[in-house]
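Only a predicted model underlies this, so the values are computations on that prediction, with no experimental measurement involved. Values below: all heavy atoms of this structure, side chains included; hydrogens, waters and symmetry mates excluded. Both ligands and their constituent atoms are indexed starting at 1 by order of listing.
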Amino acid sequence: MSVGEVVLVGGGPGDPDLLTVGGLKALRAADVVLYDHLAPLACLAETRPDATLLDVGKIPRGHHTPQADINALLVEHARSGALVVRFKGGDPFVLGRGSEEWQACAEAGIPVRVIPGVSSAIAGPALAGIPLTHRGLTQNFSVVSGHVGPDHPASTVNWDALATSSGTIVILMGVTHLADICAGLVARGLAPDTPAAIVARATSPEQRVFRGTVATLPGIAASAHVEPPALTVIGAVVALDLLGPTAS
Ligand code: SAH
């Protein structure tokens, strides 16, 4: 049997409408789909009735399939001739491990390609009425991982530069360490009254947006019991509040 193919499909942040046309085509054609909880699960209804669907979900602190096992499954199924779709939330190459999956396939001689998706880092702020840049106000944005705080040895982010970058900061995977992150930015020179917002479950019916400043947001998020998936936006653009103060 000839070797199959692996397609890394970025599913967008959860709303099926934000899956790309190319992503939908790949999903409809797939023999095997490996998905996790951040992918737009409603789109799985588009798969063929005979397709094999495998949940390799990585719920924080819950059930998860180790990355090495996911890589091995991709290779194994493609090697037996299948068209394998790795269906992920957002974009596969933004703070996910899509590039490692690509490398695992390439090392095994399996053809692999990526279909980019709409990152939650882009869609989440937009759906909360927050543009990431705005002419005359902010000309740059950074997307950073908040899975560890600024003072943690495992963080490779230059938090000093970030705090003084004058741009918008988008933090993914930063709910647990939100207080450390915000305090760390202020300690490094970010004005404490910088507008900040947290957007939880963007695109879903449970989407919630909480606004404050970089100094007040951790307390606001804690009182509201915000849980992942959520993202934080910090910067002058947050004050634009395009949807209006009553819309969130
Ligand atoms: N590759 C993905 C991000 C993976 S990291 C992307 O491009 O979107 C996972 C983090 O993404 C979560 O911890 C959360 O910060 C963010 N995230 C994913 N989906 C989200 C959603 N629907 N609403 C808010 N944040 C989301």
Could you identify the single nearest non-hydrogen protein atom to [atom] and state the distance to 0.1 Å?
atom: atom 1 (N) of ligand 1; answer: V94 O, 2.6 Å
atom: atom 16 (C) of ligand 1; answer: S120 OG, 3.4 Å
atom: atom 21 (C) of ligand 1; answer: A202 N, 3.6 Å

Exam field: side chain [X] to backbone [Y], donor-acceptor pair closer than 3.5 Å:
X: S223; Y: G219; result: yes
X: D36; Y: V56; result: no
X: S155; Y: D151; result: no
X: D91; Y: G117; result: yes
X: R86; Y: V6; result: no
X: R48; Y: A29; result: yes
X: T168; Y: L132; result: yes

>> If we check side chain to side chain contact (heavy atoms under 4.5 Å, CB included) with L178, which of these qualifies: I220, I198, V226?
In response: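 Testing L178 for a side chain to side chain contact (heavy atoms under 4.5 Å, CB included) against I220, I198, V226 leaves exactly one candidate, I198.
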
Region of [X] that comes within reach of ligand 1 [heavy atoms, distance under 4.0 Å]:
X: P228; result: neither
X: L38; result: side chain
X: Q207; result: neither

Contact check: [X] vs ligand 1, nitrogen or oxygen atoms, below 3.5 angstrom:
X: G96; answer: no
X: V118; answer: no
X: M173; answer: yes
X: D91; answer: yes
X: P13; answer: yes
X: A230; answer: yes

Just which atoms of ligand 1 are under 4.0 Å from any heavy atom in [X]?
X: L95; answer: 4 (C), 5 (S)
X: S119; answer: 6 (C), 7 (O), 8 (O)
X: G89; answer: 1 (N), 2 (C)
X: V199; answer: 24 (C)

>> Take a 6.0 Å sphere around CD of Q139 and say whether it holds more than 12 heavy atoms from other residues, nucleotides or ligands.
In response: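 Open: at most 12 neighbouring heavy atoms sit under 6.0 Å from CD of Q139.
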
> At their closest point, which heavy atom of P131 faces which heavy atom of L240, and how far apart are they?
Replying inline: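 Where P131 meets L240 most closely, the heavy atoms are CG-CD1, 3.6 Å.
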
